[in-house]
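Protein chains get the first letters and strands the later ones, always in sequence-line order, with residue 1 at the start of each.
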Protein chains: 2
Amino acid sequence: MTGRPTLEQVAERAGVSRATVSRVVNGSPTVTPAIRETVQRAIAELGYVPNQAARSLVTQRTDSIALILPESEFRVFSEDQAIPGFIRGVSQELEAADKQLVLMVGGSPSAHDRIERYALARHVDGVIIASMHGADPLPNSLHRMGIPVVCGGRPLGRSTVPYVEVDSVGGARLAVRHLLERGRTRIATVAGPQDMVAGIDRLAGYRRELQDSDRRSIVAVGDFTRESGAVAMRQLLADDPHLDAVFVASDLMAFGALTALREAGRRVPDDVALVGFDDVEQARYAEPPLTTVRQPIIGQGREMARQLLRLVAGEDIPSSVVLPTELVVRSSA
Amino acid sequence: MTGRPTLEQVAERAGVSRATVSRVVNGSPTVTPAIRETVQRAIAELGYVPNQAARSLVTQRTDSIALILPESEFRVFSEDQAIPGFIRGVSQELEAADKQLVLMVGGSPSAHDRIERYALARHVDGVIIASMHGADPLPNSLHRMGIPVVCGGRPLGRSTVPYVEVDSVGGARLAVRHLLERGRTRIATVAGPQDMVAGIDRLAGYRRELQDSDRRSIVAVGDFTRESGAVAMRQLLADDPHLDAVFVASDLMAFGALTALREAGRRVPDDVALVGFDDVEQARYAEPPLTTVRQPIIGQGREMARQLLRLVAGEDIPSSVVLPTELVVRSSA
DNA sequence: CTGAAAGCGCTTACAG
DNA sequence: CTGAAAGCGCTTACAG
């Protein structure tokens with residue numbers, strides 16, 4: 001026998017038509033039990049597995065979903081754990097729905113064409129875009145082509161593409177409120193890059209909470225890397241030597257800030273209280289263990305997949321879903 | 001117009017046969033330049049993109065490759081950076097070859113059936129298996145079915161499946177030799193789990209190098225996690241309070257060991273020199289910065305993809321490729 | 001160099 | 001409930 005068995009061969013062996021085999025394979029209820037069994041035996045004996053390409057050609061479905069990861073997240077071979085978390089969440093949900101995950105790296109302009117062509121070639125039923133820098137045109141352009149899309153994080157700029165995000169503003173407020181409740185009075189922040197929603201929103205949350213308390217804001221901006229956290233922290237100390245607390249918009253930057261504080265001879269939390277954001281694995285092992293805001297990365301991945309599957313199935317979905325964040329109190333604040 | 005344009009429509013618009021359009025799309029050299037241009041214009045005007053399913057059905061190729069990640073690597077939401085590195089390397093190479101990456105999570109027995117069926121459905125042209133615990137039957141079973149497979153790391157047990165691995169034995173020897181050259185005399189090791197090749201080989205390297213130097217070996221076993229590194233380190237100190245060096249089989253375990261040494265009042269490297277393995281991002285930021293063995297994770301991913309593509313193309317490939325490791329000397333030893 | 005035709009392996013109205 | 005037949009959108013010998 002050459003190659004894998006086909007429907008045709010199963011039909012012949014079972015003594016029925018191809019249509020009937022197809023019905024059995026696809027679980028149609030209108031098949032007489034006796035015939036169903038004969039067919040199933042033939043399938044088992046031959047080790048038949050449906051050819052996906054042939055099936056897609058007629059159903060116009062592929063049962064695969066693309067997950068687009070922005071290139072920049074990968075460029076630095078980073079300690080950040082968002083990528084595996086996203087993948088994990090998305091794949092859990094897709095697996096349960098018996099869909100396949102196609103991974104594409106690259107939010108760079110040069111990758112757009114490739115991704116668009118791929119989606120247009122109907123190689124996937126829909127697209128999940130993990131997160132973006134700036135006002136990426138990709139989600140909108142796919143959306144316009146009628147391809148189901150869900151974004152991770154609110155797209156910047158004009159957009160009607162549905163998205164799933166984590167409540168960054170709320171998380172930042174939790175962090176700042178905690179510092180206020182601990183009696184801190186000069187609360188600075190190391191903000192993230194202002195061309196990313198996470199950077200923008202975490203700073204907005206800081207500002208809003210502080211505003212309610214009448215304290216003035218003290219801001220330095222980093223780019224979510226450890227080094228930038230140290231640099232920003234030094235700058236904050238120069239700007240206000242009397243600051244007694246810092247909300248750092250990412251754990252990685254918080255580690256950098258910790259180093260800078262130590263160099264400057266400040267004790268944490270005695271002199272300066274510190275709260276991070278993300279709750280990466282290493283946060284528990286920092287010295288002192290880092291108080292931080294936990295965001296449900298895996299949950300976000302799952303929710304994105306869930307929404308996309310609904311969209312693919314033709315259902316209506318909310319234009320946005322926001323997941324709650326949570327403060328994890330350890331020793332640094 | 002309903003749906004996306006087809007070959008047929010392009011042919012009609014260009015006033016040629018479907019065969020000719022197909023030739024132009026696939027870059028056949030036997031097309032008259034003038035006709036080629038007419039067709040290309042029609043393609044551009046219509047925004048034609050070939051339907052992948054239809055193409056696969058006749059070519060019997062899908063131009064996609066599956067990357068299988070073991071579930072366990074994901075279970076702990078870990079600090080380990082191997083996964084993104086693998087993905088990065090594989091996707092770089094596949095992108096260059098214009099192949100797609102399908103990601104499947106799960107080396108668990110329950111996932112085997114799903115993966116096998118998927119490969120048999122010809123949804124992918126070949127399979128890359130990132131790494132395995134124990135003697136996983138998956139590579140062999142795919143191999144027997146005639147599906148091109150390449151493994152990351154030598155498969156345990158009997159196997160004829162080609163693999164790409166990093167020279168763990170050599171790396172461990174580099175580490176131990178370095179400690180010997182620094183004049184250390186009582187060199188212990190925290191080994192990795194002995195059901196994983198990386199665990200086994202790094203211990204073998206330690207033993208071999210030590211054996212050449214006539215020193216006795218002092219061994220404790222961890223499971224590559226930070227916590228297990230601390231536990232193992234305490235045990236080593238109890239076993240031999242006079243040890244003056246440790247080769248730890250992973251950086252994460254080395255971080256745990258560092259904590260345990262600090263608790264025990266030992267200075268690193270003054271009292272005890274420490275060498276890790278992996279060179280994860282955090283190694284540079286440890287206190288003291290960690291001397292460790294760097295392994296080319298991205299390079300391994302790329303090489304696996306390269307070998308698999310050759311296999312898919314029908315070429316012969318070596319039964320194994322071993323990539324060199326390198327000692328990165330920092331302050332801990 | 002180009003076209004007519006067969007065929008890849010399925011699903012799905014449409015009859016019966 | 002089952003089968004004959006059409007058709008999904010391509011590629012590729014085979015003629016010419």
Side-chain angles (χ1 to χ4, degrees), chain A residues 1-40 42-43 46-64 117-125, chain B residues 1-40 42-43 46-64 117-125:
Chain A
M1 194 176 60
T2 171
R4 325 258 185 263
T6 66
L7 240 205
E8 179 95 53
Q9 292 170 36
V10 176
E12 192 174 0
R13 180 165 195 126
V16 298
S17 72
R18 280 144 58 202
T20 298
V21 177
S22 176
R23 291 191 188 99
V24 171
V25 168
N26 293 293
S28 158
T30 74
V31 179
T32 306
I35 295 197
R36 178 191 311 281
E37 249 175 56
T38 316
V39 171
Q40 277 166 341
I43 288 176
L46 257 33
Y48 170 71
V49 177
N51 178 310
Q52 184 57 41
R55 181 179 267 175
S56 289
L57 186 54
V58 27
T59 59
Q60 306 276 46
R61 285 182 298 101
T62 63
D63 295 325
S64 338
R117 293 180 67 82
Y118 190 70
L120 280 178
R122 300 185 158 291
H123 214 315
V124 289
D125 297 336
Chain B
M1 194 173 64
T2 172
R4 323 258 184 264
T6 66
L7 240 205
E8 179 94 52
Q9 293 170 37
V10 175
E12 193 174 358
R13 178 163 196 128
V16 298
S17 72
R18 281 145 56 203
T20 298
V21 177
S22 176
R23 289 190 189 101
V24 171
V25 168
N26 293 293
S28 157
T30 74
V31 180
T32 305
I35 295 195
R36 179 192 309 280
E37 251 174 55
T38 314
V39 171
Q40 276 166 343
I43 288 176
L46 258 34
Y48 169 73
V49 178
N51 178 310
Q52 184 57 41
R55 182 178 266 176
S56 288
L57 185 53
V58 29
T59 60
Q60 305 276 44
R61 284 182 298 104
T62 62
D63 294 325
S64 335
R117 294 181 67 81
Y118 189 71
L120 280 178
R122 300 184 157 289
H123 214 315
V124 289
D125 298 336

- Considering Watson-Crick and G-U wobble pairs with both distances under 3.5 Å, what does D/dA13 pair with?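 Here D/dA13 is not engaged in any pair, so there is no nucleotide opposite it.
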
- D/dA4 pairs with which nucleotide, Watson-Crick or G-U wobble, both distances below 3.5 Å?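 Pair assignment: D/dA4 / none.
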
- Task: With rounding to the nearest 0.5 Å, note down the distance linking CZ in B/R18 to OG in B/S22.
- Result: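 Here the rounded value is 9.5 Å.
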
- Quick one: pull up OG1 in A/T62 and CD in A/Q52 and give me the separation to the nearest 0.5 Å.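 If we round to the nearest 0.5 Å, A/T62:OG1 and A/Q52:CD are 7.5 Å apart.
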
- Go through the steps to decide whether B/T30 and B/R23 satisfy the test side chain to side chain contact (heavy atoms under 4.5 Å, CB included), and finish with yes or no. CA-CA 8 Å; B/T30 74; B/R23 289 190 189 101; 4.1 Å; yes

Listed nucleotide nearest any side-chain atom of [X], set [options]:
X	options	answer
A/V31	C/dA4, D/dG9, D/dT2	D/dT2
A/T20	D/dG7, D/dT2, D/dT12	D/dT2
B/V58	D/dC10, D/dC14, D/dA6	D/dC10
A/I35	D/dT2, D/dG9, C/dT11	D/dT2
B/N26	D/dT11, C/dC10, D/dT2	D/dT11

- Message: Using heavy-atom distances to pick each residue's nearest nucleotide on DNA chain C, tell me which of B/V16 and B/L57 is more 5'.
- Response: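 Nearer the 5' end of the strand: B/V16.
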
- Run the side chain to side chain contact (heavy atoms under 4.5 Å, CB included) check on A/V21 and A/V16 step by step: do they pass? CA-CA 7 Å; A/V21 177; A/V16 298; 3.7 Å; yes

- Does B/S64 reach the side chain of A/H123, with side-chain heavy atoms less than 4.5 Å apart?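 Yes, side chains in contact.
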
- Nearest-nucleotide comparison on DNA chain D, the residue closer to the 5′ end among A/R18 and B/V25: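 Closest to the 5' end, via its nearest nucleotide, is A/R18.
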
Are [X] and [N] close enough that a side-chain N or O sits under 4.0 Å from OP1 or OP2?
X	N	answer
A/N51	C/dC8	no
B/S22	D/dT11	yes
A/T59	C/dC10	no
B/T30	C/dT2	no

Nearest-Å distance for atom pair [atom1]/[atom2], residues [X] and [N]:
X	N	atom1	atom2	result
A/H123	D/dC10	NE2	P	13 Å
A/R4	C/dC8	CZ	P	16 Å
B/L7	D/dT12	CG	C1'	13 Å
A/Q52	C/dC8	CD	C1'	15 Å
A/D63	C/dT11	CG	P	11 Å
B/Q9	D/dC10	CD	C1'	14 Å
A/R61	C/dT11	CZ	C1'	10 Å
B/Q60	C/dC10	CD	C1'	13 Å

- Are B/V39 and B/R36 close enough, and set up right, to give a side chain to side chain contact (heavy atoms under 4.5 Å, CB included), and what steps lead you there? CA-CA 5 Å; B/V39 171; B/R36 179 192 309 280; 5.9 Å; no

- Message: Suppose we call a contact any N or O donor and acceptor under 3.5 Å apart; does that hold for the side chain of B/R23 and the base of C/dG3?
- Response: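 Side chain to base: pair present.
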
